[in-house]
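Proteins come first, then strands; the chains are lettered A, B, ... in the order of their sequence lines, and each starts at number 1. We use all heavy atoms of the structure for the numbers below, so side chains are in, but hydrogens, waters and symmetry mates are not.
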Amino acid sequence: MDEALLAQLTSSQRKAVLHRDGPLLVLAGPGSGKTRVITCRIAALVDSGIRPYNICAITFTNKAAEEMRQRAAALGPSGGAHISTFHSLCVRILRRYAEAAGIRPNFSIYDSADQSKCVKQAVKDCGLDGTNFPPARMLDAISTLKNKLVDAEAFQERAEDFFSRTLSQVYTRYQQILAERNGLDFDDLLMKVAFLLENDSTVCGELSSRFKFLLIDEYQDTNHAQYRLAKALALPHGNICATGDPDQSIYRWRGADIRNILAFEKDWPEAMVVKLEENFRSTAAILRAADSLIARNTNRKQKALVAVRTDEGRVCVEGHEDEAAEADAVARQVDALLAQKVPAGQIAVFYRVNAMSRALEEAFVRHRVPYQVVRGVEFYNRKEIRDLLAYLKVLANPADEVALLRIINTPTRGIGKVTVDRVQAFAVSHGLTLSQALAQADHVAEVSGAARTKLVAFSCLLDKLRRDIVGPVAPLAERVFRESGLEQSFKGTGQDGQDALENVGELINAAAAYDQQAAEPSLLDYLQQIALFSDTDAYEATSERAALMTLHAAKGLEFDHVFIIGLEDGLLPHERGSGDGDELEEERRLFFVGVTRARINLCLSYARYRTVRGQFLRTVASPFLFELGLDSVTPDDEPEEDQDVFFGYSRPPRSVAVSRAAPARPAEPEFAPGQLVRHKTFGLGRVRKYADMGANSVVTVQFNTGQTKSLLLQYANLTRV
DNA sequence: TATTGAGGAATTTTT
DNA sequence: TTCCTCAATA
């Protein structure tokens with residue numbers, strides 16, 4: 001370990017870096033040099049004689065892992081250390097110990113679109129009505145259970161009320177469907193490995209002696225499954241180092257349990273705890289605001305933010321007429337910074353929801369400001385990309401029925417719904433997978449001659465494609481694209497087809513990059529890797545373009561100049577996330593994360609009117625603006641019409657819809673619970689619940705048909721009876 | 001079997 | 001507004 005480097009560290013940092021055996025908790029505030037501490041720690045471990053092979057570092061995103069690999073490599077010989085995300089680690093483990101885990105190693109990883117198809121199927125198979133049991137809600141509930149390591153069998157035993165029993169049926173069936181298709185969803189990856197480690201002492205022994213030192217970053221965002229997994233891995237040796245900041249926990253909705261980090265010292269009583277409270281990143285004004293904001297959270301451990309920088313910096317708040325004016329102002333200011341020779345890569349704009357990038361993009365294009373929207377997964381959701389990937393998935397895992405159904409008639413080859421249904425029925429009655437049934441399509445008596453010919457032709461196509469699928473992925477993808485007829489189907493279809501061809505070209509380039517970087521490129525490995533892609537992974541640290549991203553994607557990054565837009569009640573905090581106090585605190589932490597990304601200047605803005613889902617709505621400033629302790633923003637200001645009046649409300653009312661043409665809308669008709677109403681299609685019903693949210697009010701009605709429906713008041717066309 | 005159109009429902013953050 | 005599903009029609 002380089003002495004000069006060690007000398008640069010503060011005493012706390014050094015303490016964390018040099019700690020050798022036993023548990024270690026690093027409570028690190030924003031900008032405290034946490035990443036540096038971790039990389040130095042890896043280097044120090046190697047220095048003290050630990051083989052890199054025995055070190056496992058877990059990061060939050062693949063991007064972070066890649067960065068850590070590079071930084072660690074720059075400090076010394078750390079090649080061979082396993083640095084990846086929880087999910088990637090699980091994929092590796094499951095492939096290696098597939099048999100012990102009761103799965104096949106060529107499993108597909110099901111993303112949320114695939115999951116939703118499977119859960120719909122499960123709901124249907126259970127004879128339930130999709131409207132009363134919305135697949136999305138079921139999926140959510142199943143995901144929560146899996147994150148808590150409650151598998152289908154365990155849940156069946158404890159399910160008592162009606163909803164739970166129904167859910168239990170769906171859960172069980174859903175897992176069956178996944179198993180039949182040799183598919184695992186994101187949560188399965190964690191759950192399977194956690195159970196494997198806890199129940200199979202041989203596997204656990206092997207893995208924990210391989211990974212003698214475990215380092216986990218962003219520990220505040222681990223969920224229960226990850227927690228148990230890590231604990232099982234580290235239990236034999238106790239060499240676990242967790243780093244994180246409870247104030248930056250922003251994934252509760254995904255099952256992250258902030259108690260994991262708060263209770264670390266209980267789990268590991270002999271743990272050494274190091275606090276890194278000095279902030280090397282931000283200017284004083286930013287830190288004061290951040291500190292004042294986060295102090296409002298009651299559910300936290302007191303932690304100071306100590307400024308190290310002595311320059312002042314600037315925090316400003318701006319009000320604009322609407323989102324277009326807001327976006328325009330941001331673009332203008334970015335342009336001005338560029339004119340002052342600020343590198344574009346030092347500028348970022350954050351927002352709460354992805355939809356808000358649209359207005360920004362338009363403004364940036366207009367002002368000719370170079371930018372990148374950090375949204376990697378979107379690319380993989382494009383139709384043409386999903387189509388091509390579906391072919392590749394079927395080649396890697398023939399049992400993957402979701403993928404097979406996607407491509408069986410894409411491009412159209414005359415195999416319609418009726419035929420598919422018949423083959424599926426054939427498969428079920430003969431105990432075959434769909435692809436097995438397809439392979440013997442000429443024996444399916446239920447299908448007419450013409451349709452059978454087409455099925456056989458498709459089956460032959462798959463056989464042909466399957467012939468040579470080892471080795472590099474890019475040439476394979478290219479071949480599949482051509483021979484499947486996909487390429488042909490996009491040619492001559494105008495601009496859309498051109499775009500699709502270009503996107504596929506991008507995909508093939510990305511695959512080529514994978515081939516370059518992978519030690520042993522294989523189709524299976526490639527597919528399993530890209531399934532775990534996140535938005536942040538698409539961020540290119542370039543100096544040439546400003547970055548536009550959600551607040552969630554901003555985690556772990558830093559910029560000289562940061563803009564956060566849409567500081568409005570209902571947006572930030574988001575209305576869906578400000579139900580109970582815990583949710584509001586999480587929204588506050590999310591804002592805190594955004595604020596603390598800024599090194600020098602921070603500009604916050606809101607719009608007085610915002611178009612939300614096609615509606616022009618009056619907004620109210622975010623309560624968070626008053627919590628920053630800024631002089632210019634005080635809740636006591638008298639509201640004045642016509643100017644930046646928003647700081648006037650000490651108790652901001654909910655957003656109210658105001659139509660431009662008719663601002664004075666007559667009072668809403670009352671739909672109090674108990675009210676009898678009539679609906680055009682559902683007939684008579686009684687109001688059960690009424691959530692007053694202006695134009696977005698939701699009425700829950702129990703109809704005489706026995707169905708209960710939640711309707712958006714403005715569209716439902718309800719009449720009182 | 002493929003395509004079109006009407007009508008209903010839903011709008012957060014992501015490994 | 002936009003997506004999705006279902007049913008009618010080519």
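Taking only side-chain atoms of A:His552, from C-beta outward, the nucleotide of B:dA2, B:dT12, B:dT14 with the closest atom is B:dT14. In the set B:dT14, B:dA2, B:dT12, B:dT14 carries the atom at the smallest distance from any side-chain atom of A:Tyr251. Side chain of A:Asp535, nearest nucleotide from B:dT14, B:dT13, B:dT1: B:dT14. For A:Val418, taking side-chain heavy atoms from C-beta onward, the closest of the listed nucleotides B:dT12, B:dT1, B:dT13 is B:dT1.
Across C:dC4 and B:dT13, the matching P atoms stand 15 Å from one another, rounded to whole Å.
With a 6.0 Å cutoff to the six-membered ring centre and a 45° limit on the axis angle, A:Arg618 counts as a cation-pi contact of A:Tyr609.
A:Leu571 places its CG atom 11 Å from the P atom of B:dT12, with the value rounded to the nearest Å. Between the P atom of C:dT1 and the CZ atom of A:Arg358 lies a distance of 12 Å, rounded to the nearest Å.
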Pull out every protein N or O sitting under 3.5 Å from an N or O of nucleotides 4-6 of chain C, one pair per line with the distance.
| residue | atom | partner | partner atom | Å |
| --- | --- | --- | --- | --- |
| C:dT5 | OP1 | A:Lys120 | NZ | 3.2 |

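Looking only at side-chain heavy atoms (C-beta outward), A:Leu434 and A:Leu405 come within less than 4.5 Å of each other. Taking the side chain as every heavy atom from C-beta outward, A:Arg352 and A:Glu587 approach each other to under 4.5 Å. When side chains are defined from C-beta on, A:Ile38 does not count as touching A:Thr59, because their heavy atoms never get closer than 4.5 Å.
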